[in-house]
Amino acid sequence: MNAMGSLEKVLMPLAEKIGKNKYLISIRDGFLVSSPLLIVGSLFLLIANFPIPGWNEFWARFFGEGWANKLSHPVTATFDVMTILAVIGIGYSYGRQEDVNGINSAVIALVSFFILTPFAISFVPKGSEITYQVTGIPLGWMGSKGVFVGMFTAILSVKLFAAVIKKGIVIRMPDGVPPTVAKSFEALIPSAIVMVVAFVIKCLFEMTSFNDIHTFIYKFLQLPLVSVGGTLPAMVIAYIFLHLFWFFGINGSSVVGAVYNPVLRVLSVENLEAFQAGNPLPNIITGQFQDMFATFGGAGSTLSLLVAMVLVCKSKRIKNLGSLSLLPGIFGINEPIIYGLPMMLNPLMLIPFILIPTINIIIAYFAMAVGLVPYTNGVQLPWTTPILFSGFLTTGIRGAILQALLFVLGVIIYIPFIKIMDKQYLLEESKENENEEDDDISFDDISFDD
């Protein structure tokens with residue numbers, strides 16, 4: 001218990017700091033703006049590349065040979081401008097955190113990002129060996145490669161915007177002016193200051209060998225972070241902390257995800273771009289690897305626990321809880337188990353709660369590394385997508401088989417631990433029944449003798 005107490009003293013303040021950090025909250029909520037759009041875009045890609053032999057040939061009979069290529073446009077309209085969506089979302093969210101107008105914050109964040117972005121695209125005409133620089137928005141920096149610049153730009157530009165407003169350096173309009181007009185004039189000077197600062201930064205980077213901030217951040221920050229985040233040890237460590245937070249009743253997915261998910265998102269998009277182009281997929285660790293192979297039914301892979309509860313437990317409390325929680329668990333909702341069994345502050349269940357996701361990650365990683373299972377294709381699926389179906393859509397039939405094997409292994413590991421709890425609950429229930437019988441009043445116990 002002393003070890004648990006010491007761990008709690010470390011994790012609780014850390015979780016509180018992360019959970020209340022304005023920057024991480026804004027980044028997390030900002031990315032959520034793009035998530036529905038990316039999922040819809042992924043569905044178009046999935047339809048065009050459904051993992052069934054003869055799929056493309058079958059539909060080509062009705063829509064022609066190029067039918068799949070036509071479906072790539074919604075994918076481009078979402079994934080290739082992912083950073084733009086993130087900048088808008090993060091700018092809006094952080095503006096709200098700083099108590100300034102959210103729309104103005106989103107707009108100034110986007111404009112600052114565009115100021116920092118070089119509007120130049122290298123172009124080689126067909127049949128020519130000469131490379132020309134043409135004006136245009138470089139989609140290369142609008143997608144996954146520009147995510148980190150987008151995050152920093154959104155946060156810093158809105159922070160400066162809010163600071164100027166709070167200093168009172170604004171144009172105040174008379175009382176009779178409509179509120180919309182007054183707010184637009186209030187934003188004039190702060191917006192100008194932010195834009196000038198962004199322009200100065202752009203000019204400074206143009207004087208270096210990097211030419212722009214995108215190249216600098218990508219080479220010296222994003223690539224190293226993504227490389228480290230895409231390793232097996234990084235994911236194992238992240239998931240150990242994630243489950244320790246859950247053990248103390250803190251939403252570990254939110255705490256750890258605020259830091260780790262931006263890296264996973266970049267890795268996922270890299271796989272998606274390669275999948276769309278027909279190239280070898282570069283990354284094993286991705287957001288889909290996390291969602292579809294690390295856990296089944298939520299943190300702790302508790303879908304395996306639910307099946308173990310239904311199969312081997314005899315106490316009414318556990319069997320009823322397992323039956324009621326099974327359907328939500330199939331769709332990744334496991335709060336009834338976390339707080340109802342409970343898993344929270346339960347030292348006995350902490351062992352399998354951390355062990356099973358760790359084993360899942362390690363086995364799935366090496367299964368993909370040796371070629372037994374394909375890498376995840378980067379297709380964005382809702383985290384509520386049920387097991388087997390999710391594995392099939394992201395890696396094909398072999399991914400679904402791997403999910404089934406990991407799920408069964410989880411059931412086997414959970415059984416001895418849940419049986420110990422089951423015996424404890426059975427003993428408690430038998431004592432309660434005895435107490436109820438003792439409290440019952442029987443006419444046979446009443447005596448009329450003096």
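All figures in this text were calculated on a predicted structure; none of them were measured in a lab.
A heavy-atom distance below 4.5 Å is found between the side chains of Leu305 and Met343. Side-chain contact between Ile337 and Met309: present, with at least one pair of heavy atoms (C-beta onward) separated by less than 4.5 Å. Two residues are said to be in side-chain contact when any heavy atoms from C-beta on lie closer than 4.5 Å; Tyr92 and Asn101 fail this criterion. Counting heavy atoms from C-beta on, the side chains of Met142 and Thr117 come closer than 4.5 Å. Side-chain atoms of Leu38 and Met82, non-hydrogen and from C-beta on, do get closer than 4.5 Å to each other. Within the 4.5 Å cutoff, side-chain heavy atoms of Phe113 are placed close to those of Thr83. Side-chain contact between Phe293 and Tyr365 is absent, with no heavy-atom pair separated by less than 4.5 Å. Residues Leu116 and Ile201 have side chains in contact (heavy-atom distance under 4.5 Å, counting atoms from C-beta outward).
Of all heavy-atom pairs spanning Asp29 and Ser93, the tightest one is CB-OG, 3.6 Å. Across Gly91 and Ala154, no two heavy atoms sit closer than the pair N-CB, 4.0 Å. Across every non-hydrogen atom of Ala274 and Pro282, the tightest pair is CB-CD, 3.9 Å. Contact record, Ser144 with Val266: O-CG2, 4.0 Å, taken as the closest heavy-atom pair. Shortest non-hydrogen contact noted between His214 and Gly146 is ND1-CA, 4.3 Å. Nearest heavy-atom pair across Gly95 and Ser105 is CA-OG, 3.4 Å.
Ring orientation note: the planes of Phe220 and Phe210 are nearly perpendicular, at an angle over 60° on the 30°/60° scale.
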Subject >> side-chain contact (heavy atoms from CB on, under 4.5 Å) between Phe205 and Thr208, intermediate numbers included >> reply: CA-CA 5 Å; Phe205 271 97; Thr208 69; 4.3 Å; yes
**OP:** Would you sort out whether Phe247 and Phe353 count as a ring-ring contact (aromatic ring centres under 6.0 Å, His included), showing the intermediate values?
**Re:** CA-CA 9 Å; Phe247 175 75; Phe353 189 63; 7.9 Å; no
Subject >> Chi angles and distances behind the side-chain hydrogen bond (donor to acceptor under 3.5 Å, both in side chains) call for Thr376, Thr286 >> reply: CA-CA 7 Å; Thr376 56; Thr286 64; 2.7 Å; yes
**OP:** Show your working on side-chain hydrogen bond (donor to acceptor under 3.5 Å, both in side chains) between Gln288 and Ser268 and close with a plain yes or no.
**Re:** CA-CA 7 Å; Gln288 289 69 45; Ser268 299; 3.0 Å; yes
**OP:** Evaluate the side-chain contact (heavy atoms from CB on, under 4.5 Å) criterion for residues Leu272 and Phe79: first the C-alpha distance (whole Å), next the side-chain angles of each, then the deciding distance (0.1 Å), finally the verdict.
**Re:** CA-CA 9 Å; Leu272 184 81; Phe79 283 91; 3.2 Å; yes
**OP:** Please assess Asn334 against Ser325 for the test side-chain contact (heavy atoms from CB on, under 4.5 Å), listing each intermediate value before the final yes or no.
**Re:** CA-CA 7 Å; Asn334 70 341; Ser325 304; over 6 Å; no
Original post:
Taking it one step at a time, do Leu267 and Asn271 satisfy side-chain contact (heavy atoms from CB on, under 4.5 Å)?
Top reply: CA-CA 6 Å; Leu267 293 166; Asn271 273 24; over 6 Å; no
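Atom OG of residue Ser26 and atom CD1 of residue Ile90 lie 8.0 Å apart, to the nearest 0.5 angstrom. In this structure, Leu139 CG and Ile84 CD1 are separated by 7.5 Å, a value rounded to the nearest 0.5 Å. Interatomic distance, CD1 of Ile108 versus OG of Ser191, reported as 4.0 Å (0.5 Å rounding). Taking CG of Leu355 as the reference point, atom CE of Met349 lies at 11.5 Å (rounded to 0.5 Å). Atom-to-atom distance recorded for Lys145:NZ and Glu273:CD is 9.0 Å, nearest 0.5 angstrom. How far CE of Met151 is from CD1 of Ile155: 9.0 Å, rounded to the nearest 0.5 Å.
For the side-chain contact (heavy atoms from CB on, under 4.5 Å) with Thr395, the lone residue among Leu281, Val373, Val379 that qualifies is Val373. Looking at Phe161, Tyr23, Phe152 one by one, the single match for ring pair (Phe, Tyr, Trp, His ring centres under 6.0 Å) with Tyr94 turns out to be Tyr23. The side-chain contact (heavy atoms from CB on, under 4.5 Å) test with Tyr239 singles out one residue from Thr295, Ile354, Leu244, and that residue is Thr295.
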Identify all side-chain donor-acceptor contacts of residues 396-422 below 3.5 Å with residues at least two apart in sequence or on another chain.
residue	atom	partner	partner atom	Å
Arg398	NH1	Gly371	O	3.4
Arg398	NH1	Leu372	O	3.2
Gln403	OE1	Leu388	N	2.7
Gln403	OE1	Gly391	N	3.1
Gln403	NE2	Met292	O	2.6
Gln403	NE2	Ser390	OG	3.0
Tyr414	OH	Gly300	O	2.6
Asp422	OD1	Lys314	N	3.1
Asp422	OD1	Ser315	N	2.8
Asp422	OD1	Ser315	OG	2.8
Asp422	OD2	Lys314	N	2.9

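Surrounding CZ of Phe119 are more than 12 heavy atoms belonging to other residues, nucleotides or ligands, all under 6.0 Å away. Within 6.0 Å of NZ on Lys423 lie no more than 12 heavy atoms contributed by other residues, nucleotides or ligands.
No side-chain donor-acceptor contact under 3.5 Å links Glu206 and Asn211.
Checking side-chain atoms of Thr302 against main-chain N and O of Gly297 turns up a donor-acceptor pair under 3.5 Å. Looking at Thr153, its side chain never comes within 3.5 Å of a backbone N or O of Gly150 through a donor-acceptor pair.
Within the structure, no pair that satisfies the ring-ring contact (aromatic ring centres under 6.0 Å, His included) test touches residues 251-277, not counting sequence neighbours.
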